[in-house]
Amino acid sequence: MCTRFVYNGIDKIVGFNFDIDLSVWDHTVITEENRFYIGIKMPDGLYHSFHGVNKNGNVGTLLYVHGNENAKYIESEDCITISELTEKFIKAEISFDKALDIVKRKKIIYAPDATMQAMLSDKKGRVLIIEPGIGYRYEQENFSLITNYSILKPDITKPYIVSGDTRYEVAKELLAGYDKDFSVNDAFKVLKSVSQKDLWATRVSFVYSTEKNKVYYVLNNDFSNVFEFQF
């Protein structure tokens, strides 16, 4: 369970809540010269950057979604997994325009072990929502928002909405009420309003300011203790 948004105000601001079951995934926050990311330990023993920020303003995040057969993993040069595409973007191995070109030319599929959708954004506030097996949307609106259900074809994942899960509706209403002066503090208010507890609790919340080229983050819902990472 996760929540991700981009707000295109005077400052282009990204917010992300990373919600995860600790019994399923091993994670840690990693800071490098050109990259901030939530490292997810994979079978190869490495911490991969499927949720993170690059110094150039690329921000990529994966969000769990109930899968569809059209995006099932297959070995083919005509396909690319959503996880590979997202990590390449965070590593700045591909640009926003290149990512857009890839989703136009190739079939985007799930990784063998997880069904995920993604939101990619750049320092200009451009947004690419990618739902494997369904399609993609390019936009540059006042704000963009995604959780763990389909945006492009809501009826597909509507049957899987968890009772009482109003993260999307709550965040959307809050974001719609802000103006161009939307700030880092405002972003944290939105994230706090939809943060999760219990098994799938929010483990990391981060806000990225493109204007300052800085990441602000909190751990385990402790919104009173904000860490900063300056590129």
If only side-chain N and O atoms count, and only distance matters, is there a donor-acceptor pair under 3.5 Å linking Thr210 with Asp11? yes
Of Asp101, Leu100, Ile102, the one forming a side-chain contact (heavy atoms from CB on, under 4.5 Å) with Ile94 is Ile102
Under the salt bridge (Lys or Arg N to Asp or Glu O under 4.0 Å) rule, what pairs show up with a residue in residues 16-41, not counting sequence neighbours? Glu32-Arg35
Test Phe5 against Phe143 for ring-ring contact (aromatic ring centres under 6.0 Å, His included), laying out the working first. CA-CA 7 Å; Phe5 64 81; Phe143 68 86; 8.5 Å; no
Rounded to the nearest 0.5 angstrom, the OG-NE2 distance for Ser49 and His51 is 10.0 Å
Using only atom types and a distance under 3.5 Å, with no angle test, would you say the side chain of Arg203 pairs donor to acceptor with the backbone of Leu219? no
Rounded to the nearest 0.5 Å, the CE atom of Met119 sits from the OG1 atom of Thr3 at a distance of 10.5 Å
Nearest 0.5 Å please: distance from the CG atom of Leu46 over to the CD1 atom of Ile40. 13.0 Å
Minimum heavy-atom separation for Ala118 and Leu62, please, with both atom names. CB-CD2, 3.8 Å
Is it true that Phe182 and Phe223 fall in one hydrophobic cluster, defined by side-chain heavy atoms closer than 4.5 Å? yes
Heavy-atom side-chain proximity of Val14 to Tyr7 below 4.5 angstrom: no
Membership question, hydrophobic clusters at under 4.5 Å side-chain separation (ILVMFWY): are Ile134 and Leu85 in the same one? no
When you look at Ser205 and Phe16, which way does the side-chain contact (heavy atoms from CB on, under 4.5 Å) test go after all the steps? CA-CA 6 Å; Ser205 299; Phe16 180 61; over 6 Å; no
Other residues, nucleotides, ligands: >12 heavy atoms within 6.0 Å of Lys214 NZ: yes
Closest non-hydrogen contact found for Ser150 with Thr157 is N-OG1, 2.7 Å
Would you call Thr86 and Leu120 a side-chain contact if the rule is heavy atoms closer than 4.5 Å? yes
Determine whether a donor-acceptor pair (N or O, by modelled atom type, separation under 3.5 Å) exists between the side chain of Lys107 and the backbone of Asn70. yes
When you group the ILVMFWY residues by side-chain heavy-atom contacts below 4.5 Å and let the links chain together, are Phe89 and Ile109 in the same group? no
Are the side chains of Tyr136 and Ile129 in contact, using a 4.5 Å heavy-atom criterion? no
Examine Val170 and Val6 and state if one hydrophobic cluster contains both, with Ile, Leu, Val, Met, Phe, Trp and Tyr joined whenever side-chain heavy atoms are less than 4.5 Å apart. yes
Compare every heavy atom of Ile161 with every heavy atom of Asp165, then report the nearest pair and how far apart it is. O-CG2, 4.3 Å
Would you check if there is a donor-acceptor pair between the side chains of Thr202 and Gln196 at a distance under 3.5 Å? no
To the nearest 0.5 Å, what is the distance between CZ (Phe18) and CD1 (Ile38)? 5.5 Å
Linking I/L/V/M/F/W/Y whenever any side-chain heavy atoms sit under 4.5 Å apart, do Val184 and Ile10 land together? no
Quick check: does any side chain N or O of Thr115 sit under 3.5 Å from a backbone N or O of Val65, one acting as donor and the other as acceptor? yes
Is the backbone N or O of Phe188 less than 3.5 Å from a side-chain atom of Asp186, with the two atoms forming a donor-acceptor pair by type? no
Does Val204 offer a backbone N or O that forms a donor-acceptor pair with the side chain of Asn220 under 3.5 Å? no
Can you measure from OH (Tyr110) to OG (Ser83) and round to the nearest 0.5 angstrom? 12.0 Å
Flag, side chain of Lys180 to backbone of Asn8, donor-acceptor distance under 3.5 Å: yes
For the side chain of Asn58 and the backbone of Asp122, is there at least one donor-acceptor N/O pair under 3.5 Å apart? no
Heavy atoms, side chains only, cut-off 4.5 Å: are Val207 and Val215 in contact? no
For the residue pair Ile90 and Glu87, establish whether any side-chain heavy-atom pair is separated by less than 4.5 Å. no
Quick one: does Ser76's side chain have a donor or acceptor within less than 3.5 Å of a partner on Asp78's backbone? yes
For Lys212, check salt bridge (charged side-chain N to carboxylate O under 4.0 Å, His left out) against everything at least two apart and list the hits. none
On a heavy-atom basis, the closest approach of Lys197 and Ser195 is NZ-OG, 3.8 Å
Please assess Lys12 against Glu211 for the test side-chain contact (heavy atoms from CB on, under 4.5 Å), listing each intermediate value before the final yes or no. CA-CA 7 Å; Lys12 308 293 187 288; Glu211 184 178 59; over 6 Å; no
Could you go step by step and tell me if Val194 and Asn17 meet the side-chain contact (heavy atoms from CB on, under 4.5 Å) rule? CA-CA 8 Å; Val194 294; Asn17 269 352; 3.8 Å; yes
Between the main-chain N or O of Ile151 and the side-chain N or O of Glu131, is there a donor-acceptor pair closer than 3.5 Å? yes
Say whether, by atom type as modelled, one donor and one acceptor occur between the side chain of Asn68 and the main chain of Pro132 under 3.5 angstrom. yes
Testing Phe229, Tyr208, Tyr37, Phe36 for ring-ring contact (aromatic ring centres under 6.0 Å, His included) with Tyr217, which one passes? Phe36
Find out whether Cys2 and Thr147 are in side-chain contact, i.e. whether some heavy atom of one side chain is under 4.5 Å from a heavy atom of the other. no
Rounded at 0.5 Å granularity, tell me how far CG in Leu128 sits from OG in Ser144. 10.5 Å
Do Ile146 and Gln117 make a side-chain contact, defined as non-hydrogen atoms from C-beta onward lying under 4.5 Å apart? yes
Can you confirm whether more than 12 heavy atoms, excluding those of Glu75, are under 6.0 Å from its CD atom? no
Filter on ring-ring contact (aromatic ring centres under 6.0 Å, His included), then keep only pairs touching residues 145-174, sequence neighbours left out; what's left? His66-Tyr160
Residues Ser183 and Asp181: side-chain donor-acceptor under 3.5 angstrom: no
With side-chain contact (heavy atoms from CB on, under 4.5 Å) as the test, would you mind laying out the steps for Arg137 and Leu152 before giving the verdict? CA-CA 8 Å; Arg137 177 192 292 171; Leu152 305 182; 3.7 Å; yes
Take Tyr47 and His27 through the test ring-ring contact (aromatic ring centres under 6.0 Å, His included) and record every step on the way to the result. CA-CA 7 Å; Tyr47 283 95; His27 77 282; 8.9 Å; no
Taking all atoms of both residues into account, what is the closest heavy-atom pair of Gly15 and Leu191, and its distance? C-CD2, 4.0 Å
